[in-house]
Structures are given as C-alpha cells and as structure tokens.
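Source: prediction; values computed, not measured. Computation of the quantities below employed the complete heavy-atom set of this structure, encompassing side-chain atoms and omitting hydrogens, waters and symmetry-equivalent molecules. Naming: A, B, ... by sequence-line order, numbering from 1 per chain.
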Number of protein chains: 2
Amino acid sequence: MDQRIIKERHKLLRYLEEKGLRLTKGRESVFNEVMATHGHFAAEELVKGCKEHQRDVSRATIYRSLREMLEAGVIRETAFGEKHQHYEHVYDETLHHHARCVRCGTFIEFDDLGEEDRYRPLLEKQGFKVLGHELHFYGICHACQ
Amino acid sequence: MDQRIIKERHKLLRYLEEKGLRLTKGRESVFNEVMATHGHFAAEELVKGCKEHQRDVSRATIYRSLREMLEAGVIRETAFGEKHQHYEHVYDETLHHHARCVRCGTFIEFDDLGEEDRYRPLLEKQGFKVLGHELHFYGICHACQ
DNA sequence: ACTCCTATGAGACAGTGTATCATCTTAAAA
DNA sequence: TTTTAAGATGATACACTGTCTCATAGGAGT
C-alpha cells in the first residue's frame, strides 16, 4: 500500500486513540474512499462513493467521520463560495492555493510558498491549534480582461 | 451621506440600468441594509435586518437583490467552510483575516501581515489581475480543546 | 385605459448537514 | 465466559439555506 496513505492512516489512528475512539469498519470505509478520491470532493459524493466502492455506510456516519478526519488533519476544507462544503486530502499533493476569476469563475492553482507561516505563532499564542489554511486570491483572469 | 455609499449606489444604478431594471423600494431596502451592516453578513441576517430596520422584504426578493449586487460589484462573497454563503461590501476593504474553529465555528480575527504579497507577481505574470485575497486558517480554538 | 414588461410575495421544493434515539458492537472488567 | 459500560451505527426527523414557480401587483409608455 502507498506509503503516504499509511502515514495518513497513522495520523487518524493517533487521533482516534487520543479521543478513545475506535477504527471501525465504517470509519475505515470512509477513510479508504477519501484516499481513493482524487482532487476535491463533497460529502454527498462520498455517500455515493462509499455505497459503490466500499460498504454501505449511512450518511450520518459519513458526516461524522469527515469531521473526525478534518480534526485529525487528514483532510482539509476547501470552501470557495460553493453551496456545500468541499474537502481534499492532504497527503500526496503539494499544498496549493486558488485564485478565482470573479467574472467567469475559473480557478488558477498555485503552490504554497510558506509565506503564511508567520501567522501560526500569533494564533497559537491565543490557544488556537492550527490544522491548516487556505489562501484565496480573487481577481480577473487573462481571458476576461 | 457617506461618500463611499453614494459611490456604491451609483455602481448599482449603472448595473440596473444596463440590465433594464429599476431601483425599487425592495432593492433599495436591501442595499441600505447591506450598507448599514458592518463586517460580514449572511443572507438570512439580511432577511431579519430588513424586516427590522427597513421595510418587510420577502426572502425571494432579498436573495434576488443579493445576486444583483454581487454582479454589480457592490458586494462580494467571502467563503468560509460554512453552511451558508457570507458576503461583505466592497467599499470597506478589510485588512484582517479569519481563523475558524472547526468544532464550534467561532472566528478569531487577525491583522494582515502582508505575507501574501509574494504571490502577486506570480499571478500577474500569468495575466491574472489581483483584486484582493483572503486567508483562512482553520483549527481548534482554545475553548474547544 | 391598455399593454407590456418588470417586481414581488407566498409558498413549494431540493439539497446539505445536524440531532435524536433505539439498537448493535466492542473492549475490558468481573 | 459473562457482564457491563461506553462507543458506533442507521433510520429518520428536522432545521436551514437557497431556488423556483406562479399568481398578482405595479410602473412606463402608447
């Protein structure tokens, strides 16, 4: 199995143990489905995906598991003005951000430069435990000018 | 009246005229309520706010007006990992960012450090005209740990 | 007054996410 | 092994946000 997935799995296990929770078949299915997904995904896509590729897991369990994986740092939110929440897993991708054209809505992706790290100590001084961050630029793309 | 609000009002009027629409009492109420709001706001807050401070405008009209003001460039979306869309008016360019607790949803605000400026040339080299940016941290706040 | 187009409110509707609760499972104690 | 307590799950009801439809109202020009 992919080394990176094993690492993420450990992350999840550590989190669960810390909370006194177990890695059940339900949670495992959600984890597997998430890891099998490329790019961004929505919760409802997972509901369908789990039913198809894994075992039939109820919506309640999927939403619960997603929240746990979020807190475990296995996935992160990528909200960008859509009507529903989007996620992506953190593992194989280099951290990237998005610039969105306010006219046509298309995205440009660009790599993280680590510039935001200076904010972390500020937040942690306030007792805020940082799990991740997103940087969104908005503007007008080349085609729309 | 605030000079900036007058300017925004003109923006809206130009847009409406261009579309062959009228500045009705309903639209005006929504506009006024938006301009009277500080910081971010959600659509449903406007529904209540209009009823309280302006005239009783139906939800349908408010959502419709919001979309128009969005296209007119009077407000813009500020997407967080939230269940509903948030907006803010454009004239009041905020220089702060947000960290959101994934457990309780509360926000911590922090000032912009200008760290993101290194991204601008990268984007502009691609022909992307930057209008602004938002930085979102997510994690777990002090109270929720 | 007539006509055409826009504006509006009421309410039905769909989608996303949450809360409840009865039931099942598991780990560990006895 | 049996008991027990806590966590896990699914079904389902529910709340909320946002959209759509449709009947009616209103304004501008003829």
- Message: Just the rounded figure in Å: distance from P of dT6(C) to CD of Glu17(B).
- Response: 15 Å
- Message: Expressed as a whole number of angstroms, how long is the span from Phe41(A):CZ to dG17(C):P?
- Response: 12 Å
- Contact class for Ala42(A) (heavy atom, under 4.0 Å): base, sugar-phosphate, or nothing? nothing
- Query: Atom CG of Leu66(B) and atom C1' of dT19(D): how far apart are they, to the nearest Å?
  - Reply: 13 Å
- Task: Take the protein atom CD of Gln54(A) and the nucleotide atom P of dG10(D), then report the distance between them rounded to whole Å.
- Result: 13 Å
Distances for protein N/O vs nucleotides 7-14 of chain C N/O pairs under 3.5 angstrom?
unit_1, atom_1, unit_2, atom_2, d
dA7(C), OP1, Arg22(B), N, 3.1
dA7(C), OP1, Arg27(B), NH1, 2.4
dA7(C), OP1, Arg27(B), NH2, 3.1
dA7(C), OP2, Arg27(B), NH2, 3.1
dA7(C), O3', Thr24(B), OG1, 3.4
dT8(C), OP1, Thr24(B), OG1, 2.5
dT8(C), OP1, Gly26(B), N, 3.4
dG9(C), OP1, Asp56(B), O, 3.4
dG9(C), OP2, Ser58(B), N, 3.1
dG9(C), OP2, Ser58(B), OG, 2.8
dG9(C), OP2, Thr61(B), OG1, 2.7
dG9(C), N7, Arg64(B), NH2, 3.2

- Mind checking what makes side-chain contact (heavy atoms from CB on, under 4.5 Å) contact with Glu28(B), not counting sequence neighbours? Arg9(B), Leu23(B), Asn32(B)
- Going by atom types only, do Glu8(A) and His10(A) share a side-chain donor-acceptor pair under 3.5 Å? no
- Message: Can you measure Leu46(A) atom CG to dG17(C) atom P for me and round it to whole angstrom units?
- Response: 11 Å
- Roughly, in whole Å, what's the span from NZ in Lys19(A) to C1' in dA6(D)? 16 Å
- Under the side-chain contact (heavy atoms from CB on, under 4.5 Å) rule, collect the residues that match up with Val47(A), sequence neighbours excluded. Glu44(A), Arg59(A), Ile62(A)
- Query: Who passes side-chain contact (heavy atoms from CB on, under 4.5 Å) against Arg22(B), sequence neighbours left out?
  - Reply: Thr24(B)
- Query: How would you list, by chain and number, every residue that makes a salt bridge (charged side-chain N to carboxylate O under 4.0 Å, His left out) with Arg67(B), sequence neighbours excluded?
  - Reply: none
- Message: OP1 or OP2 of dG17(C) versus the side-chain N and O atoms of Tyr63(A): is any pair under 4.0 Å?
- Response: yes
- Residues in side-chain contact (heavy atoms from CB on, under 4.5 Å) contact with Asp112(A), at least two apart in sequence or another chain: Leu95(A), His97(A), Glu116(A), His133(A), Tyr119(B)
